[in-house]
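As the structure is a computational prediction, the values presented were derived from the model and not from experiment.
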Amino acid sequence: DLRDAKNTDHEVQFGLKAGYDVVHGPIIAGAYAEAQLGTLNSGYEIDPEYPSYEIGSKITTLASLRAKLGLTQDNLAIFATGGVAISDAKHRYQQTDGDAEYFRNNGRQVGYVVGGGAAYAVSQHSSIGVDYSLYKFSSRTHDLLGEDGAANDYRFKLKDSIQSVT
């Protein structure tokens, strides 16, 4: 139960987007790729009577390849996006009450991203705008390890979900 948990989220990422759009009448269609680097660090400190622990995930690379479809009027475009997303999520669990049970797992995750936004064309080849994105990744199950590194009978399932405005 995470209702009384202390949330330790903090995040800063910088990124680059590149893509190509085609406008035909009032329809805009395109595709783009993006990559973001930095730190998305999400965690909880849980302190029930027993056991106390920290659990969370850390993402330093987030990327996507998306399709884009929308409507235009003059220099303004409103659009929806969707595609495949990739992250390098690192999951962690560490007991903080003196026991040494833990897990750490690194690895690439593949999921999906959906979003929407608006852009204003400042020239024929560039625009400024705002995008909202929701990234979803499948859950991973982790075996809890004891002091000796051997798995015990406990498991945690973590699932990363990220919301972004750029």
(message) A side-chain contact here means heavy atoms from C-beta on lying under 4.5 Å apart; do Y32 and T81 qualify?
(response) yes
(message) Can you confirm whether V165 sits close enough to V130 that some side-chain heavy atom of one is under 4.5 Å from a side-chain heavy atom of the other?
(response) yes
Heavy-atom closest pair, residues [X] and [Y]:
| X | Y | answer |
| --- | --- | --- |
| Q109 | S138 | NE2-O, 3.1 Å |
| A29 | L69 | CB-CD1, 4.1 Å |
| S127 | A121 | CB-CA, 3.9 Å |
| D21 | A31 | OD1-N, 4.4 Å |
| L37 | T61 | CD2-OG1, 3.7 Å |
| G25 | T72 | O-OG1, 3.5 Å |

What residues, two or more places apart in sequence or in another chain, satisfy side-chain contact (heavy atoms from CB on, under 4.5 Å) together with [X]?
| X | answer |
| --- | --- |
| V22 | Y20 |
| I162 | L40, I59, L62, Y135, F137 |
| I78 | A118 |
| K136 | Y112, L134, S161 |

(request) Examine distances only and state if a side-chain atom of D131 and a backbone atom of T166 form a donor-acceptor pair shorter than 3.5 Å. (result) no
(message) Tell me whether the count of non-hydrogen atoms from other residues, nucleotides or ligands lying under 6.0 Å of NZ in K90 goes above 12.
(response) yes
(request) Step by step, work out the side chain to side chain contact (heavy atoms under 4.5 Å, CB included) result for L71 and I27. (result) CA-CA 5 Å; L71 298 172; I27 305 294; 3.7 Å; yes
(message) Once rounded to the nearest 0.5 Å, what's the spacing between atom CD1 of I28 and atom NZ of K68?
(response) 4.5 Å
(message) Taking salt bridge (charged side-chain N to carboxylate O under 4.0 Å, His left out) as the cut-off, I'd like each qualifying pair that reaches into residues 32-43, sequence neighbours left out, listed once.
(response) E34-R66
(request) May I ask whether Y132 and V114 are part of the same hydrophobic cluster, defined by side-chain heavy atoms of I, L, V, M, F, W, Y residues being less than 4.5 angstrom apart, directly or through others? (result) yes
(request) Share the residues that join Y120 in a hydrophobic cluster, the rule being Ile, Leu, Val, Met, Phe, Trp or Tyr side chains under 4.5 Å apart at the heavy-atom level. (result) V122, I128
